[in-house]
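Below: the structure, in structure tokens.
On a predicted model such as this, the values are computed, not experimentally measured, just so you know. Counting begins at 1 with the first residue of the sequence. Note that these values count all heavy atoms, side chains included, but never hydrogens, waters or copies made by symmetry.
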Amino acid sequence: MRIAIYSNLNPASNRVASLLKDKIKNSDVLTMDGLNPEIVISVGGDGTLLSAFHHYQDIIEKVRLVGIHTGHLGFYTDWRDYEVQELIDSLEHDDGQSVTYPLLDIKVNYADHSPSDYGMALNESTLKQISGSMVADVFIKEQLFESFRGDGLCISTPSGSTAYNKSAGGAIINPTLSAIQMAEISSINNRVFRTLGSPLIISPDEWIKILPNSNERTVLTCDQQIISTKVISSVEYRISKRKVAFAQYRHTQFWKRVTNSFIGEVGTGD
């Protein structure tokens, strides 16, 4: 089996990455291959795994991801830094098991009619104005849904619903559902401006189109990385036909992750 290791620069992550490489070199069934891997092991945290996803996104349907966390427990990292040998044993006995999550397709159209840009997010995309409040028309399919005014909008995948989306007041969605969500970031609601004021969940046969009503520059992000600061005429969001796969050796159940991350250990009570 061909393995790639994607690590951050943290000393603890470098130590784990070096140990992984040594054990893979000594394995009879595992080989290192950073160009055409079957398994990509991310060493760090959720941010490192997001970077690994984008590094390999052109071949994402041909690989499965595995996360080792060297800091706080993340939503995408199942293994601890002291479990390297257990992970190697699982890789050597791999039978192709996996769990898949939906992705978000992004199409960006520009006011100067330059070629459209395309992106794909594992977590979310946000649209904000560089200065002042952002005013934008929001369409669902081709139907005008609302005219938004506020700090910005966050469009997330189910697996990304626990990240920025949650901070913006969005709902948490089980990633087995094929859906995307729009959450408003500090919307303005008064007698002049009215928005829904709650998160919106979109089905697979629908899409979201956002048209900024300004010639001001906006900031468009994909998984918290800025992908455009040009004047945008519209951004279209759809559930991608592609999916990301995680090797399911002992993939932690989603709602258990939510409990561990946001609630902590639940007592039994009296």
CD1 (I60) and NE2 (H54) are apart, to the nearest 0.5 Å, by 9.5 Å
Practice item. Ignoring hydrogens and angles, state whether a donor on the side chain of S233 or N109 is under 3.5 Å from an acceptor on the partner side chain. Key: no
Checklist entry - Sub-3.5 Å donor-acceptor pair from the side chain of S18 to the main-chain atoms of N14, do we have one? => result yes
Heavy-atom closest pair (V219 atom, I226 atom, distance to 0.1 Å) is CG1-CG1, 3.9 Å
*Check whether any side-chain heavy atom of I232 sits under 4.5 Å from a side-chain heavy atom of Y110, and report yes or no.*
yes
Minimum side-chain heavy-atom gap K141-D205 below 4.5 Å = yes
Can you tell me if Q143 has over 12 outside heavy atoms packed within less than 6.0 Å of its CD? no
dist N260:CG -> K256:NZ (nearest 0.5 Å) comes out at 6.0 Å
Just by distance, with hydrogens left out, do S13 and S7 show a side-chain donor and acceptor under 3.5 Å apart?
no
Value for NZ (K23) from CG (L87), rounded to nearest 0.5 Å, stands at 11.0 Å
- Message: Test of understanding: clusters of I, L, V, M, F, W, Y form through side-chain heavy atoms closer than 4.5 Å, transitively. Do L220 and L211 belong to the same one?
- Response: no
Note: Q248 and S98 closest approach over all heavy atoms is OE1-O, 3.4 Å
For this session: I would like to know whether L196 and E184 meet side-chain contact (heavy atoms from CB on, under 4.5 Å); could you show each step before the answer?
Result: CA-CA 9 Å; L196 182 64; E184 300 175 357; 4.2 Å; yes
Exercise for the section: Indicate, with yes or no, if L122 and I180 share a hydrophobic cluster defined by side-chain heavy-atom contacts under 4.5 Å among Ile, Leu, Val, Met, Phe, Trp and Tyr. Expected result: no
Which of R64, K62, R2 passes salt bridge (charged side-chain N to carboxylate O under 4.0 Å, His left out) with E38? It is R2
Practice task
Tell me, with the steps shown, if L91 and I41 meet side-chain contact (heavy atoms from CB on, under 4.5 Å).
Solution key: CA-CA 11 Å; L91 290 167; I41 303 175; 3.8 Å; yes
message = Quick one, V258 and F75 - any side-chain contact, counting heavy atoms below 4.5 Å?
response = yes
_Steps toward side-chain contact (heavy atoms from CB on, under 4.5 Å) verdict (L153, F148)_ = CA-CA 9 Å; L153 293 164; F148 171 85; 3.8 Å; yes
Residues Y56 and P37: closest non-hydrogen pair is CE2-CG, 3.7 Å
Non-hydrogen side-chain atoms of Y237 and I106 separated by less than 4.5 Å
yes
* Do the side chains of R257 and D78 get nearer than 4.5 Å, heavy atoms only? -> yes
Taking it one step at a time, do T31 and D33 satisfy side chain to side chain donor-acceptor pair (under 3.5 Å)? CA-CA 6 Å; T31 59; D33 188 339; 6.0 Å; no
Report task. Check the side chains of S156 and S161 for a donor-acceptor pair under 3.5 angstrom, ignoring hydrogens and angles. Result -> no
Open item on the list: Using side-chain heavy atoms (C-beta onward) and a distance below 4.5 Å, is I185 in contact with Y164?
Closed with: yes
In this structure, CD1 of I88 is separated from OG of S27 (nearest 0.5 Å) by 7.0 Å
Heavy atoms of R242 and I59 approach each other most closely as NH2-N, 4.3 Å
Is the backbone of L49 close enough, under 3.5 Å, to the side chain of S42 for a donor and an acceptor to pair up by distance? yes
Mind checking whether I173 and I155 sit in one hydrophobic cluster, side chains of I, L, V, M, F, W, Y counted as touching below 4.5 Å?
no
- Quick one: do the N189 and S187 side chains pair a donor with an acceptor below 3.5 Å? yes
Side-chain (S147) to main-chain (D137) donor-acceptor, under 3.5 angstrom
no
side-chain contact (heavy atoms from CB on, under 4.5 Å) between Q224 and E124, worked out: CA-CA 8 Å; Q224 298 187 3; E124 78 280 304; 3.5 Å; yes
Between Y249 and V66 the two heavy atoms that sit nearest each other are CE1-CG2, 4.2 Å
Requested in this report: Mark yes when over 12 heavy atoms from residues, nucleotides or ligands other than E61 sit less than 6.0 Å from its CD; otherwise mark no.
Outcome: yes
Exactly one of F53, F246, F254 clears ring pair (Phe, Tyr, Trp, His ring centres under 6.0 Å) with Y76, and that residue is F246
query: Is the CD1 atom of I130 crowded by more than 12 outside heavy atoms at less than 6.0 Å?
result: yes
Quiz item: If we only count heavy atoms from C-beta on, is the K166 to F262 side-chain gap below 4.5 Å?
Solution: yes
Donor-acceptor check, side chain of R238 to backbone of K107, threshold 3.5 angstrom: yes or no?
no
Between the CD1 atom in I239 and the CG atom in L104, the distance rounded to the nearest 0.5 Å is 9.0 Å
Q.
Main chain of D81, side chain of T70: is a donor-acceptor contact present, judged purely on distance under 3.5 Å?
A. no
| request: Could you state whether M182 and V108 fall into the same hydrophobic cluster, counting links through intermediate Ile, Leu, Val, Met, Phe, Trp or Tyr residues with side-chain heavy atoms under 4.5 angstrom apart? | output: yes
Joint hydrophobic cluster, V29 plus M32, side-chain heavy atoms closer than 4.5 Å:
yes
*Look at the side chain of Q181 and the backbone N and O of A171, then say whether any donor-acceptor pair between them is shorter than 3.5 Å.*
yes
Could you tell me whether the side chain of S234 reaches within less than 4.5 Å of the side chain of F139, counting heavy atoms only?
-> no
Heavy-atom closest pair (Q129 atom, V135 atom, distance to 0.1 Å) is OE1-N, 4.4 Å
Q.
Donor-acceptor pair, distance only, cut-off 3.5 Å: does the side chain of D223 make one with the backbone of N123?
A. yes
Value for CD1 (I140) from NZ (K209), rounded to nearest 0.5 Å, stands at 14.0 Å
Of N8, T48, L19, L20, the one forming a side-chain contact (heavy atoms from CB on, under 4.5 Å) with V43 is L20
